[in-house]
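The next block holds one structure in the form of structure tokens; read it before the comments.
Each chain gets a letter, A, B and so on, in the order the sequences are listed, and its residues count up from 1. Computed from a predicted structure; not experimentally measured.
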Amino acid sequence: MDKQQKTIIHWFRKGLRIHDNPALAEAIDLIRKSPNKYVLRPIFVLDPEIPNWLKVGPNRWRFLQESLLQLDSNLRKIKSRLYVVRGDPKVIFPKLFNEWQVELLTFESDIEPYARQRDMLVEKQAKKFNVNVITTVSHTIYNPELIIQKSQGIAPKQYEGFLKIVSTMSIPEPLEAPAALPAKSKPSKDSNEHTDSKCYDCPALHELGVNEADLGDVLYPGGETEGLKRFQAILRKPDWICGFEKPKTSPNSLKPSTTVLSPYLKFGCISSRLMYSDLQKVLKNKKKHTTPPVSLIGQLLWREFFYTAAASDPNFNRMVGNSFCRQIPWKKNVQHLEAWTYGRTGYPFIDAIMRQLRQEGWIHHLARHAVACFLTRGDLWISWEDGQRVFEELLLDADWALNAGNWMWLSASAFYHLYYRVYSPVSFGKKTDKDGEYIRKYVPELANYPKSMIYEPWTATAAQQREFGCIIGKDYPQRIVIHDVVLKKNMAKMADAYQKHRDGGGGGKFDVDNTQAKPEPQSPKTEPVSPSTSSGCSSSKILKMEQNSTIVKYFKKDPKSP
DNA sequence: GGTTAGTTGATATG
DNA sequence: CATATCAACTAACC
């Protein structure tokens with residue numbers, strides 16, 4: 001590398017895209033202004049510690065791997081590349097700052113407690129090495145912190161209130177992907193770049209610990225190009241967009257009835273602001289269209305809603321110490337949890353959903369409702385935290401804020417309170433698939449059952465079971481609970497928990513059954529953390545916090561004015 | 001303090 | 001396919 005040239009690092013974490021990436025754009029702007037002075041190193045840090053506390057199933061590892069490959073490829077199109085750096089960020093960054101003579105670090109901010117703590121440490125080290133830092137809010141359409149600020153410091157607890165607040169806020173126009181960089185801004189190879197300790201190539205699946213035998217077919221390939229392609233295909237159906245009503249889409253169609261853009265949003269392969277902007281353009285041209293909460297825009301705003309709530313509480317993904325969450329005395333039941341996890345509850349509709357989840361990494365939103373309600377308040381009375389852990393592992397779109405928020409919703413622990421509205425594991429699926437084709441696909445042992453019995457195979461006589469080639473209790477499980485019976489008991493327990501909440505308000509009042517082993521923590525911090533220690537912005541000086549809050553800057557010195 | 005609305009329940013009925 | 005009833009919650013608003 002030219003000894004005179006300094007390095008600008010853009011750190012990819014989520015936001016695995018080059019379009020509408022304001023932090024990357026800041027880095028590139030600076031390079032264009034001083035093309036002789038800087039080289040750009042876009043990096044992704046692969047931390048080998050992560051699998052020790054975060055469960056990531058093989059399908060999501062693959063989605064990430066594909067996303068990194070496409071990111072590298074898209075960066076190469078603009079005469080750069082992706083440098084995948086192996087190691088713990090707190091250890092890696094000081095080394096890179098020193099070795100590469102880094103002057104600026106840019107990245108997209110993240111509200112997850114793990115990310116906040118990690119970023120705080122990296123920023124501290126940046127200061128020590130005299131490295132400027134620019135962060136942007138670009139994973140969400142709005143800045144969650146700003147919404148909270150406009151809501152008297154408390155995140156809205158209902159969607160309507162949320163809508164009211166954001167309706168007063170402006171949204172920045174999405175940015176185009178950058179044009180090709182000047183040739184000089186590509187660093188020359190490190191002298192030992194391709195030795196084992198200095199390989200910056202994208203990881204192969206085996207490096208990510210993925211056994212290819214555990215992978216399902218690639219139904220939703222990861223990456224920016226794939227995400228944009230999928231979104232473009234949606235945009236070509238304006239009538240479908242304008243008529244979209246989430247509750248009227250089917251949870252058990254054989255092909256997805258919704259967009260399946262969630263995995264791309266989770267990794268930031270596609271920008272939520274771009275989606276918002278392009279969808280609005282479609283709606284403008286039509287005189288009639290659906291609206292939030294049921295419309296497509298409404299779905300994006302649900303994401304914002306949960307992100308805002310999650311940003312205000314580091315304990316958002318646990319019951320205890322969570323300011324949103326009602327304390328409910330769930331019971332541990334290892335056998336029932338395992339039956340649910342692997343699709344062996346004896347309820348074909350539930351089992352089909354759980355098997356689709358494991359195989360494909362995506363299930364419809366309402367299918368998530370059905371199985372989440374079944375696990376918690378509806379049937380098994382098992383904590384939503386246990387379900388959250390399974391979704392965390394298996395969903396391509398598993399997202400800390402959205403996963404926790406929706407589990408609280410479905411278990412009637414927060415946001416949703418009509419606990420007596422319970423999904424039936426038998427009737428609900430029949431509304432959109434009366435013949436049970438979905439069950440036949442994902443629970444093939446029941447494929448020969450007639451449609452009159454496929455949702456309730458236990459109603460078949462022994463002779464019929466032999467005839468259909470599937471003996472209940474042998475080839476397919478007996479149902480592990482009787483829905484009509486447990487439903488009544490659970491409803492009474494919910495009423496009791498709600499009553500106690502009214503009387504005592506909040507945590508610690510219940511005899512929560514902790515006799516079984518504690519589950520694995522979902523973040524490096526095992527115990528609930530106090531909100532005061534990890535909320536909000538760092539103590540660094542905020543130079544710029546716009547109305548729509550695209551850019552928050554922390555500068556020791558302004559690299560633009562030498 | 002009373003009223004109303006709430007992303008998408010189930011069932012029976014017209 | 002739309003509506004009433006079931007039983008009855010909280011949050012937001014007047």
Sugar-phosphate only, base, or nothing, as touched by A/K430 at under 4.0 Å among non-hydrogen atoms: nothing
Touch class at under 4.0 angstrom, heavy-atom based, for A/R368 against every strand present: nothing
Partner residues of A/R358 under the salt bridge (charged side-chain N to carboxylate O under 4.0 Å, His left out) criterion, sequence neighbours left out: none
Work out how far the [atom1] atom of [N] is from that of [M], and round it to whole angstrom.
N: B/dT4; M: C/dA8; atom1: C1'; answer: 14 Å
N: C/dA7; M: B/dG6; atom1: C1'; answer: 16 Å
N: B/dA5; M: C/dT3; atom1: P; answer: 16 Å

Nearest listed nucleotide, side chain of A/R502, among C/dC9, C/dA11, B/dT7: C/dC9
Proximity to the side chain of A/K246 - top-ranked nucleotide from B/dT8, B/dA10, C/dT10: B/dT8
Distance in angstrom units between [X] [atom1] and [N] [atom2], rounded:
X: A/L163; N: B/dA5; atom1: CG; atom2: P; value: 16 Å
X: A/E160; N: C/dC13; atom1: CD; atom2: C1'; value: 12 Å
X: A/M408; N: B/dT7; atom1: CE; atom2: P; value: 16 Å
X: A/Q299; N: B/dT7; atom1: CD; atom2: C1'; value: 7 Å
X: A/K500; N: C/dC9; atom1: NZ; atom2: C1'; value: 17 Å
X: A/F162; N: C/dC13; atom1: CZ; atom2: P; value: 15 Å
X: A/K157; N: B/dT7; atom1: NZ; atom2: C1'; value: 19 Å
X: A/K488; N: B/dG9; atom1: NZ; atom2: P; value: 19 Å

Between [X] and [Y] (salt bridge meaning N to carboxylate O under 4.0 Å), is one present in this structure?
X: A/K229; Y: A/E226; result: yes
X: A/E112; Y: A/R13; result: no
X: A/E445; Y: A/K474; result: no

Contiguous pairing runs of three or more, Watson-Crick or G-U under 3.5 Å, that involve DNA chain C: B:1-6 with C:9-14, B:9-14 with C:1-6
Assign the ring pair [X] / [Y] to parallel, tilted or perpendicular, where the plane angle (0 to 90°) is split at 30° and 60°.
X: A/Y416; Y: A/W409; result: parallel
X: A/W330; Y: A/W381; result: tilted
X: A/H483; Y: A/Y347; result: perpendicular
X: A/H364; Y: A/W362; result: perpendicular

Over 12 non-hydrogen atoms of neighbours within 6.0 angstrom of NZ in A/K237: yes
4.5 Å side-chain heavy-atom contact, A/M275 and A/L265: yes
side-chain N/O A/K431 vs B/dA10 OP1/OP2, d < 4.0 Å: yes
Phosphate OP1/OP2 of C/dC13 contacted by A/K164 side-chain N/O (<4.0 Å): yes
Interface residues of residues 415-428 of chain A with DNA chain C (non-hydrogen, below 4.0 angstrom): A/H417, A/L418, A/Y419, A/Y420
